[in-house]
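These values consider heavy atoms only, across backbone and side chains, with no hydrogens, waters or symmetry-generated copies.
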Amino acid sequence: MGDDGKATRYSQVYEELRTLLLSGGYEPNTRLTEADLTSRFAVSRGTIRSVLVRLAQEGYVTSEVNRGVRTRSFTIDEAADILEARETLEAALAGKAAERATDVEVAGLRRTLEEMEQAQERGDQAAYSRGNRAFHQQVKAAAHQATLARTYDTLLYPLVMRQYRNISARHPRSGSLAEHRTILLAIMTRNPEAAAAAMRHHVGSARRALLLGQQHRRTPGVA
């Protein structure tokens, strides 16, 4: 395989493994061995090693002496900080989307919401989750704010959500669909303040549904 082929395969393995991590393909704090990954992706150990180095630099995995490479695990404080940052960033993106979304982008959001409504009616949780992810990505794109979008993309909130999700809770969460409708209405009516507030409420509600044990979170000034 030439240099171009190696680079292409490296990129493919990076994207595939990153997607696996974000989708919950591995439990938190799972050890990832070069031998297993080499077999799984049918590439050399050198390629896997390079991919793992990049994922560690980006925070998706940790690499420690005597512990090897492991999937990321978050403390309650780390998780809460990431989710609070997500609320701030997504609220800002929704506000910008209300100002800058094109008619085509608004139509795309409406179609996605309709698909989510249909998925909920037939009890298809997987389809609803896909629609939910698409909706948030569409809002981000419609904001046309590259700096906010780049910062948002560095957050590891999908990993946090999966680590602290309440598997016994109803999915989709009660109120989720109505919250998406409110966000869309604010964007459609070009009301940035309402869009930001609706998104902040929506993301905050999702955070509060997690098993974060906020009662144990640090208190400022207390060790």
Side-chain angles (χ1 to χ4, degrees), residues 19 21-28 73-98 101 105-143 152-153 155-217:
T19 298
L21 293 168
L22 288 172
S23 64
Y26 293 99
E27 292 296 317
S73 178
F74 300 88
T75 67
I76 289 174
D77 287 337
E78 289 172 335
D81 283 348
I82 288 170
L83 294 173
E84 287 173 2
R86 181 197 175 198
E87 286 180 41
T88 300
L89 290 170
E90 285 222 71
L93 287 165
K96 289 300 179 184
E105 288 167 333
V106 171
L109 284 164
R110 291 181 66 175
R111 284 194 299 274
T112 298
L113 186 57
E114 289 170 0
E115 292 168 0
M116 292 169 65
E117 290 170 341
Q118 293 165 5
Q120 180 161 296
E121 287 175 2
R122 65 176 184 270
D124 190 338
Q125 296 182 6
Y128 186 92
S129 292
R130 286 193 299 272
N132 177 64
R133 289 192 295 272
F135 185 93
H136 285 265
Q137 289 297 315
Q138 287 172 308
V139 170
K140 181 184 72 173
Y152 173 84
D153 286 339
L155 294 178
L156 300 174
Y157 76 88
L159 301 180
V160 172
M161 300 280 282
R162 285 175 176 83
Q163 180 177 342
Y164 286 98
R165 67 190 183 279
N166 183 352
I167 59 175
S168 66
R170 173 187 172 187
H171 181 76
R173 177 178 51 79
S174 177
S176 172
L177 191 58
E179 291 162 12
H180 284 89
R181 290 192 187 108
T182 302
I183 294 165
L184 177 58
L185 179 61
I187 292 173
M188 290 174 62
T189 56
R190 307 297 180 180
N191 188 329
E193 291 80 12
M199 181 64 84
R200 183 178 290 277
H201 171 73
H202 169 62
V203 177
S205 295
R207 172 177 58 81
R208 288 186 289 273
L210 299 177
L211 298 175
L212 275 177
Q214 291 288 357
Q215 66 274 17
H216 300 302
R217 195 171 184 207

How long is the gap from CD1 on I187 to CD on Q138, to the nearest 0.5 Å? 10.0 Å

Heavy-atom pair with the smallest gap, counting every atom of P192 and G95: CB-O, 3.3 Å

Evaluation steps, side chain to side chain contact (heavy atoms under 4.5 Å, CB included), between L109 and M188: CA-CA 10 Å; L109 284 164; M188 290 174 62; over 6 Å; no

Which of these, T112, L113, V139, sits in a side-chain contact (heavy atoms from CB on, under 4.5 Å) with L184? L113

Distance (rounded to the nearest 0.5 Å) between R110 CZ and L185 CG: 10.5 Å

Which heavy atom of R208 sits nearest a heavy atom of H201, and at what distance? NH2-O, 4.1 Å

Given 3.5 Å as the limit, does a donor-acceptor pair link the side chain of Y157 with the main chain of A85, or not? no

Provide the closest heavy-atom pair for A195 versus A98 in the form atom of the first, atom of the second, distance. CB-CB, 3.9 Å

Does any N or O in the side chain of R162 come within less than 3.5 Å of the main-chain N or O of L22, such that one atom is a donor and the other an acceptor? yes

About how many Å separate CZ of R200 and OG of S205, when rounded to the nearest 0.5 Å? 12.0 Å

Could you check whether the rings of H202 and H136 sit parallel, tilted or perpendicular, using 30° and 60° as the cut-offs? parallel

Applying salt bridge (charged side-chain N to carboxylate O under 4.0 Å, His left out) as the test, list every pair that has at least one member in residues 188-197; sequence neighbours left out. D103-R190

Kindly indicate, with the supporting measurements, whether the criterion side chain to side chain contact (heavy atoms under 4.5 Å, CB included) is fulfilled by Y128 and R122. CA-CA 10 Å; Y128 186 92; R122 65 176 184 270; over 6 Å; no

Minimum-distance pair of heavy atoms, taken over all atoms of L155 and P158: O-CD, 4.2 Å

Just how far is it from atom OG1 of T88 to atom CG of L83, taken to the nearest 0.5 Å? 11.0 Å

Look only at the side chain of Y164 and the backbone of F74, and say whether a donor-acceptor pair between them is shorter than 3.5 Å. yes

Walk me through it: do R130 and E115 pass the test salt bridge (charged side-chain N to carboxylate O under 4.0 Å, His left out)? CA-CA 10 Å; R130 286 193 299 272; E115 292 168 0; over 6 Å; no

Separation between CG of L210 and CZ of R173, rounded to the nearest 0.5 Å: 9.5 Å

When rounded to the nearest 0.5 angstrom, what distance separates CD in Q163 from OG1 in T75? 8.5 Å

What pair of heavy atoms forms the shortest contact from A119 to A127, and how long is it? CB-CB, 3.8 Å

Closest heavy-atom contact between A206 and M161? CB-CE, 4.4 Å

